[in-house]
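All values derive from a computational prediction rather than experimental measurement. The basis for the numbers below is simple: all heavy atoms, side chains too, and nothing from hydrogens, waters or symmetry mates.
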Amino acid sequence: PADAVASGAKVTIERRRDGARTVRLDAPEEPLAWAVGRDAGGVFERLWHAERAPGTRPTAAERVATLPPGVVGPLVARVWSDEGVVSSVEVKA
């Protein structure tokens, strides 16, 4: 597995035998939301995302993204916090 860290966000990336990639959010522990996608000239193109469900009993955001085989190019994991901070980390694997 490969690790990537930036601006408080940390992800672990694994390439599976079938060519799919698994991206696991290691930090922060309780993001408001996070996504994996492409940064196309400053525009974030989301391929996968998860967000915390609010309410009396909040549901945590899913922490593992599986990207199918065939997704190519440089990818970025973007994480949103409750404080309004957005962190981005390049996903390489």
(request) For Val91 and Ala77, work out which heavy atoms get closest and say how close. (result) CG2-N, 3.6 Å

(request) May I ask you to decide if Arg46's main-chain N or O and Arg78's side chain share a donor-acceptor pair within less than 3.5 Å? (result) no

(message) Using every non-hydrogen atom in the two residues, find where Pro74 and Arg38 come nearest and quote the distance to one decimal.
(response) O-CG, 4.0 Å

(request) For Pro31 and Arg63, work out which heavy atoms get closest and say how close. (result) CD-NH1, 3.5 Å

(message) Nearest 0.5 angstrom please: Leu25 CG to Thr12 OG1, how far?
(response) 9.0 Å

(message) If you count heavy atoms of other groups shown closer than 6.0 angstrom to CD of Glu30, is the number above 12?
(response) no

(message) Minimum heavy-atom separation for Arg52 and Thr59, please, with both atom names.
(response) CG-O, 3.0 Å

(message) If I compare all heavy atoms of Val76 with all of Phe44, which pair ends up nearest, and what's the gap?
(response) O-CE1, 3.8 Å

(message) Using side-chain heavy atoms (C-beta onward) and a distance below 4.5 Å, is Leu75 in contact with Ile13?
(response) no

(request) Say whether, by atom type as modelled, one donor and one acceptor occur between the side chain of Trp48 and the main chain of Trp34 under 3.5 angstrom. (result) no

(message) So which atom in Thr56 and which in Pro58 form the shortest heavy-atom distance, rounded to 0.1 Å?
(response) O-CD, 3.4 Å

(request) Evaluate the criterion side chain to side chain contact (heavy atoms under 4.5 Å, CB included) for residue pair Lys10 and Val89; output intermediate values, then yes/no. (result) CA-CA 7 Å; Lys10 180 179 180 190; Val89 60; over 6 Å; no

